[in-house]
Structures are given as C-alpha cells and as structure tokens.
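Beneath this line is the structure, given in structure tokens, with notes to follow.
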Amino acid sequence: MARKRILTGDRPTGPLHLGHYAGSLQNRVSLQDEYDTFIIIADIQALSTNFDRPEKLQVDVRDVALDNIASGLDPERMSIFVQSMVPQIAELTVLFSMFTTVNRLRHNPTIKSEAKQYGFEDNMTYGFLGYPVSQAADILFCRADLVPVGEDQLPHIEMTRFVARRFNELYDEVFPEPEPMVSRVSRLMGLDGNAKMSKSLGNCIYLSDPPDVVEEKVSQAVTDPARIHKDDPGHPEVCTIFNYHAAFSEDEIENIKEMCRRGTIGCVACKKNLAKRLNELLEPIRQKRRELEKAGSIDDILVEGNRRAVEEGERTMELVRDAMGIDYWDME
Ligand code: TRP
C-alpha cells in the first residue's frame with residue numbers, strides 16, 4: 001500500500017525560530033519516513049503581509065529551506081519546494097475561491113488575530129483575507145492526508161477540510177479530508193511573555209542564533225513577575241522560561257516545576273540551565289546549516305523539490321479538470 005502523504009510548511013518571512021521547531025519541525029523530521037512528505041515554502045502567502053517587499057524573498061526562501069534541512073529533513077527522503085514555482089496551486093486557489101464565502105473567511109480566528117496584529121482590520125487586501133483558500137490549495141494540490149502544524153493553524157486546516165468536502169460533493173471525489181496533527185507543545189511563548197513567539201513581535205530565539213545570543217536572549221526573558229527575591233515561591237504556569245523547559249527539558253520538567261514552586265531554584269540558575277539545554281539542541285542544527293551553506297547545494301535541492309511538486313500538481317489538476325468537466329481539449 002502507498003504511504004500516506006504529509007504536506008506542511010512555512011511562510012518565508014525570515015529564519016525559523018524555536019516556535020516553528022516545537023510546533024511543527026520536530027514532527028516533520030520524525031515522520032519523514034513513515035509518510036511521503038512535501039514541505040512548502042509559502043512565498044506567495046508571505047506576500048499577504050509583505051507585498052511591498054518582494055525583494056526580501058530571495059534571502060528568506062533560502063533561509064527557510066536551510067533551516068528545514070539543518071533540522072533533519074533529508075532531501076533524499078522528502079521534497080521541499082517553493083509555492084510560486086507550482087502553478088497548479090494558483091489554479092486551485094482560483095477554483096476553490098468560487099465556492100468559499102467571504103463570511104467564512106471573515107470568521108476565521110487566525111485571520112482576525114493577524115489582522116489586528118498588522119493593523120489592517122478596516123482595510124484588508126483581498127489576498128490577505130483569502131490566504132486560507134490559497135493554503136487549502138497548498139495542502140490539496142498533492143492530495144495530502146496529514147498536516148503537522150502549530151495550534152494557530154487549526155482554523156486553516158478546518159477551512160481546507162471544508163474545501164475538500166465541498167469540492168467532492170459538488171463535482172467528484174478527488175480530495176482526502178486532511179487531518180491536522182498538533183505537536184505535544186503546540187505553542188511557544190515569546191521571550192517578552194507574549195502568548196506567541198513571532199518574528200513580527202521580535203520575541204524569538206532563532207535556530208541559527210549563535211550560542212552567546214541564545215544565552216543573552218534567555219537571560220533577558222520575562223519570568224514570573226511575583227518572583228522578586230531568589231527564594232520567592234514561583235508560578236511555573238505563567239513563566240516563559242518554564243514554558244520553554246516544558247518544550248525542551250521534558251525529562252527534568254517535574255523537578256524544575258517543584259523547585260520553582262518552592263523557591264529552591266532562582267530564575268538566574270533556571271535560565272542558565274535552559275540556555276545550556278537550548279544550545280545542546282541547536283548546536284548540531286547550526287553545524288549542519290554551516291555545512292549546507294558551504295556546499296552551496298540549497299538551490300539544487302529546491303529545484304528538484306519544485307520538479308516533484310509540479311509533477312504531483314499536474315496529476316491533481318487532471319483529476320480536477322476531469323471532475324469539473326473543464327477539460328475541453330487536449331493541448332499537448
Ligand atoms: N500559514 C503557515 C504559517 O504561517 C504557513 C503555511 C502555508 C502552511 N501553507 C501551508 C502550513 C500549508 C501548513 C500547510 O506558518
């Protein structure tokens with residue numbers, strides 16, 4: 001039996017951070033053999049908030065590719081590709097937009113909170129409001145079964161399931177209804193105590209940050225405001241540092257929680273411990289990234305990924321055109 005398929009990916013708006021790692025990258029890496037895996041670098045989606053700076057994409061697309069592969073995705077075993085290089089995704093976006101209502105998009109909680117974050121609640125572009133339709137096309141162009149994502153992406157997967165179901169009802173059974181897969185740590189807090197680590201909030205630890213930067217960022221992070229003296233009892237559930245320990249120090253977590261609650265470990269020591277942990281996790285990723293940069297192979301990897309994605313996209317478009325009866329002529 002054929003392996004089931006994964007499609008997931010990122011917006012190229014800069015290098016990837018620990019939130020991406022905990023939310024999805026870790027899962028991608030561990031599932032790449034069990035599933036036929038496609039990783040999308042969603043450059044067109046990045047334009048939904050950066051349409052005035054397309055020149056940034058040249059660097060950002062390659063950064064995201066490097067981060068994915070440095071984290072352990074193997075170009076021999078999966079495909080990584082760029083959204084704009086697969087025209088079938090754009091075609092599907094248009095077709096799906098015909099039966100997706102504006103109301104449904106307006107009610108999408110992730111769209112709502114991002115609109116607020118970027119300040120375009122009253123003046124939203126068509127492309128921004130509609131990007132979940134384009135994301136459905138990202139997932140369905142290869143008829144994916146499973147989508148490993150962070151919690152904030154769940155409304156988009158819901159939209160994708162709606163699109164698949166609606167298409168199948170209207171025309172013919174073409175698409176599976178893809179399932180989301182949320183990781184054990186579905187959301188990582190920002191260094192500033194914000195609920196979400198996010199590039200645009202400037203509160204991230206990047207996978208490519210050097211060791212001293214990681215130490216510095218961790219030492220500056222917001223902790224439990226009730227802990228003024230070293231031995232004050234702490235509240236790990238509100239602490240950023242504890243949130244990171246929960247994600248990356250699983251084996252020590254009960255111990256850390258107890259010591260914080262009793263006030264037997266100070267925030268400085270707790271931060272030192274975390275920085276050490278993070279640097280142990282990141283060192284092999286940094287090293288792999290340096291090797292890849294030196295080898296200069298990232299463009300070849302992406303070109304091959306694009307080729308495989310287009311091949312899959314063509315297969316899907318044949319099914320779609322056939323289902324809708326818009327296959328008037330054979331133009332070969
Ligand atoms: N919206 C995702 C993010 O902001 C990126 C993305 C684009 C994606 N297309 C996707 C994720 C398809 C999963 C599947 O991180």
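Each ligand, and each atom within it, is numbered from 1 in the order the structure gives. This chain uses plain numbering: 1 for the first residue, then up along the sequence. Computed over heavy atoms, backbone and side chain alike; hydrogens, waters and symmetry mates excluded.
For the residue pair Ser200 and Gln117, a side-chain donor N or O sits within less than 3.5 Å of a side-chain acceptor on the partner. Between Arg143 and Thr316, the side chains place a donor N or O and an acceptor N or O closer than 3.5 Å (distance only, hydrogens not considered).
Ion pairing between a basic and an acidic side chain is recognised when a charged N comes within 4.0 Å of a carboxylate O; Lys257 and Glu254 show such pairing.
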Nitrogen or oxygen contacts under 3.5 Å, ligand 1 side and protein side:
from: ligand 1; atom 1: 1 (N); to: Gln45; atom 2: OE1; distance (Å): 2.8
from: ligand 1; atom 1: 1 (N); to: Gln135; atom 2: OE1; distance (Å): 2.9
from: ligand 1; atom 1: 1 (N); to: Gln153; atom 2: OE1; distance (Å): 2.8
from: ligand 1; atom 1: 4 (O); to: Arg11; atom 2: NE; distance (Å): 3.4
from: ligand 1; atom 1: 9 (N); to: Asp138; atom 2: OD2; distance (Å): 2.7

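With values rounded to the nearest 0.5 angstrom, Gln83 atom CD is found 9.0 Å from Gln135 atom CD. Note that CD1 of Ile301 is 6.0 Å distant from CG of Leu292, once rounded to the nearest 0.5 Å.
By the 30° and 60° cut-offs, the orientation of the rings of Phe120 relative to Phe128 is perpendicular.
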